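Notes follow once the structure below has been shown.
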Amino acid sequence: MPPSLPPLYPITLQHGLLLGAALFSVGLAGVLAKRNAIVILMAVEVMLNGVNVTFVAFAGYLQPPVLTGQVFAVFVIAVAAAEAAVGLAIIIAIYRLRQTVQVDKADELRG
Amino acid sequence: MSFLSCPFPALVCNPFGLARDGIYGLLAAIVPEPLPTVALTVLGIAMLIAIIALTVMSQVWVERRAVAFLQERLGPNRVGPAGVLQSVADVLKLLLKEDLIPFKADRATFVVAPLVVLVPSLSVWSLIPWGPGLAIADVNVGILLVLAIGSFTTLGILAAGWASANKYSLLGGMRVAAQLISYEVPLVVSALVPVLWAGTASLQGIIESQATVWNVFVLPVGPIAFLVFLIAGIAEVNRSPFDLPEAESEIVAGFHTEYSGMRFALFFLAEYSNSLAIGALAAVLFLGGWQGPILPPYVWLFFKAYAVFLILVWIRGTLPRLRYDQLMHFGWKVALPISLVTLGATAVLVSAVQGTAA
Amino acid sequence: MVIPMELLVAGGFYTFAAAAIAGAISLIIARNVFHSALFLTLTLASAGGVFVILGADFLAAVQLLIYVGAVMILILFGLMLTPQDVELPNLSTPGQAISGAIVAAAIFVVSAATLLSAQWSGTAAEPSDVATTEQIGVSLFTTFVLPFEIASVLFLVAMIGAIVIARER
Amino acid sequence: MTEDPSAERARNVRPIPMLTQIGGRRIAPEGAEGTPEIPFELRQNVMIASVDRLVNWGRKSSLWPMAFGLACCAIEMMAAGAARFDLSRFGAEVFRPSPRQADLMIVAGTVTIKMAPAVRRIYDQMASPKWVIAMGSCTIAGGPFQGSYSTVPGIDNFVPVDVHVPGCPPRPDALIWGIMKLQEKIETESLYRTNDGR
């Protein structure tokens, strides 16, 4: 049975989930297709945002209202900030070492 | 909508109330329900922008006269009585000046960047309450949203510095980024002190919690938090002595080196609007907001915001510019620990007060 | 005739959602890394707007404050510290790019099909409209106090780690 | 009818030849050569006159100078901005570090041959409308260094100067006089015809 698309309005849970999935997939495409480490980091942020949208959608539509989803989104944002800091530090260290931020140039550990 | 501390008829407390009701009645007769509300909101925003633009023009004149006074000069006094039309002349001239876009510049970013700076600095005003119930939007995370919108400015400045394809612009943009990251943290942390005190993050709630005593007089944390907020606020709006991003003795004009004419005027407008917004925010958080005797509330808020702006002008006319490492040192090693300790002390105080009350 | 409020809400949702997805796609397509970063800002800010519509106003403010105010600035900073080769193609080899797009599209189709066909029980017709700040604060310090502490320690570790890694030797 | 004092100024404006052809193709009708005669009364009555007056008022009241001091005259320029003489009375104390935002280049001091390209470059980087004041004898004609191997004999060799302020160095009040002269000159400009031919 093919899934039926939700009507345009009112906005329901499915709309939020679809947006989350779309953001996640676009971010994933970016991670897989780009070679610049900083852009990959940005695409990861987009993926995390897709996850956040999903969390928030669940928290918003759950009956009776429970805010667990939003609390988790707060944690995701916090971890994303930490990840960006460490990731950029690593990228800068790599740049100092090899004068490039292209990920396929940093392949010394490959056998 | 309650007019708690306003001793006047509602018309004086909320001068737009009557007009608002009239326009609303008119519109509601013609168009269906959400549209009149939307139209009124748009109208309110337009009026607010006009008021802010006029205020900025007055600020420029006041600043030039005040700095002249501090330096024992006269200041602009040739156009209009005491030079009050000086800003009008400036605006007229800047409007008609040639609009240069450097050949190597990134055109789209170069054009968009001033707007990215200006739009948030104007949107902040939609959240600031001018009186009881007199705000375009009263959200319950008001203070967080104001600070969040304010941080967009950094992005615009960074983009402007990068898009200009000029070494000095880029350096200015980098300085803005480093400076704002350093001072955003003390700003937010010291702004949380009144939030703890009021038990709400809504700007109206914070103002109403100061009905008996202003937060700045709540000893011992109030004055310290206010001071940290003010210093971090000056750094946030890049005004002297923290105007390193546009330090002309080092990096020409910083991020707006390549901007001429109206685009430069937009940066100018945003900077002054931000200065007044920091004043209004300081008034809301620490100086009782629109509360005050005799005069209507919006006059009080305007007075307080302008008074804080005058303090900023005074500091600008008094202190020399800081060196870059001094700025960083102060932000991370002085302002941040002080604001954190203040926040902790406030938390302890609040729980002690609540404990005795319960 | 009365325009229902849901239509305005829906209009807001679609505007923000379209902006978010357009920003994310432009992020990948853009040749210039700086443009990618600006598009990422668009995506993040639009996601903040979606949060508001889904009834998470506190989270929207946090999203703007942390992502736009801190993470984006950090990324742009990193961008400027590592001069980019404009000449080099930013995309991977065509094969890798195409296969990446196919994988992403497949994941999107599968997850969309799943979430559309699933029967969601116990969900409301519209997002709950309660003040969230206080509840989030309370649950952070009661139910989720352990994750909260772990996150704090993670922050500390990340901060020290970033300083150690990026420090000039 | 009494003569308006600005009429004399308006008549003295250097006429700019009318643009009659572009790339060899005539765009103006036969016989339309040179500046068309506009009667004085008409100049006062058509709308562009009042727009011109407003625009010129804005431009002359807000002359932001380039911070561009080359030698000892710069000290006098600084004095002009300081407490005793106070350039800010004319709205001209906003010394802009970037040429993009400046309206007025005060070339204060000896211009050497090595510096000349920089002066010209700064002038080119300024946004129109722009004006130049040559301050001091060196800038005007080489001054005491005239004829030396290294000094430019007057900057009007490579930038169009609007006002010359003589003196070695000129006192701050002389510079302020120069700025007031420039303000008078700006008053005679028009949106469709500026004094520097643009």
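Quick caveat: nothing in here was measured; it's all calculated off a predicted structure. Note: hydrogens, waters and symmetry copies are ignored here, and every other heavy atom, side chains too, is used. Convention: sequence-line order gives letters A, B, ...; per-chain numbering from 1.
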Any idea which of A:L88, A:L28, A:I91 has the most non-hydrogen atom pairs under 4.5 angstrom with chain C? A:L88
May I have all residue pairs that pass ring-ring contact (aromatic ring centres under 6.0 Å, His included) and include part of residues 94-117 of chain C, sequence neighbours excluded? none
Please assess C:T43 against A:N49 for the test side chain to side chain contact (heavy atoms under 4.5 Å, CB included), listing each intermediate value before the final yes or no. CA-CA 9 Å; C:T43 301; A:N49 250 274; 5.6 Å; no
Search all heavy atoms of C:I165 against all heavy atoms of A:A93 and return the closest pair with its distance. CG2-CB, 3.8 Å
With sequence neighbours excluded, what pairs up with C:V71 under the side chain to side chain contact (heavy atoms under 4.5 Å, CB included) test? A:E45, A:A81, A:A84, C:I66, C:Y67, C:I75
NE2-CG distance between A:H15 and C:L54, expressed to the nearest 0.5 angstrom: 11.0 Å
Given the options C:L154, C:I163, C:T143, C:L74, which has more heavy-atom pairs under 4.5 Å with chain A than any of the others? C:L74
By a 4.5 Å heavy-atom criterion (distance strictly below it), what part of A:L19 contacts chain C: side chain, backbone, both, or neither? side chain
With a 4.5 angstrom heavy-atom cut-off, is it the side chain or the backbone of C:A37 that approaches chain A, or both, or neither? both
From CG (A:L18) to CD1 (C:I21), nearest 0.5 Å: 9.0 Å
Among the listed options A:V56, A:V86, A:I90, the residue most often paired with chain C at heavy-atom distances under 4.5 Å: A:V56
Relative to chain C, which of A:G87, A:A73, A:A43, A:A22 shows the most heavy atom pairs under 4.5 Å? A:A22
Note: A:A29 and C:A101 closest approach over all heavy atoms is CB-CA, 4.5 Å
Begin from the C-alpha positions of A:F75 and C:L140 and carry the test side chain to side chain contact (heavy atoms under 4.5 Å, CB included) through to its verdict. CA-CA 10 Å; A:F75 283 130; C:L140 269 183; 3.7 Å; yes
Leading residue by heavy atom contact count with chain A [cutoff under 4.5 Å; candidates C:V103, C:I136, C:L115]: C:L115
Honestly, the part of C:L40 sitting under 4.5 Å from a heavy atom of chain A is side chain
In terms of heavy-atom proximity below 4.5 Å to chain A, should C:A70 be classed as side chain, backbone, both, or neither? neither
Can you tell me how far apart CG (A:L23) and CD1 (C:I25) are? Round to the nearest 0.5 Å. 9.5 Å
Heavy-atom pair of closest approach, residues C:A162 and A:A85: CB-O, 4.0 Å
Rounded at 0.5 Å granularity, tell me how far CD in A:Q70 sits from CZ in C:F51. 9.0 Å
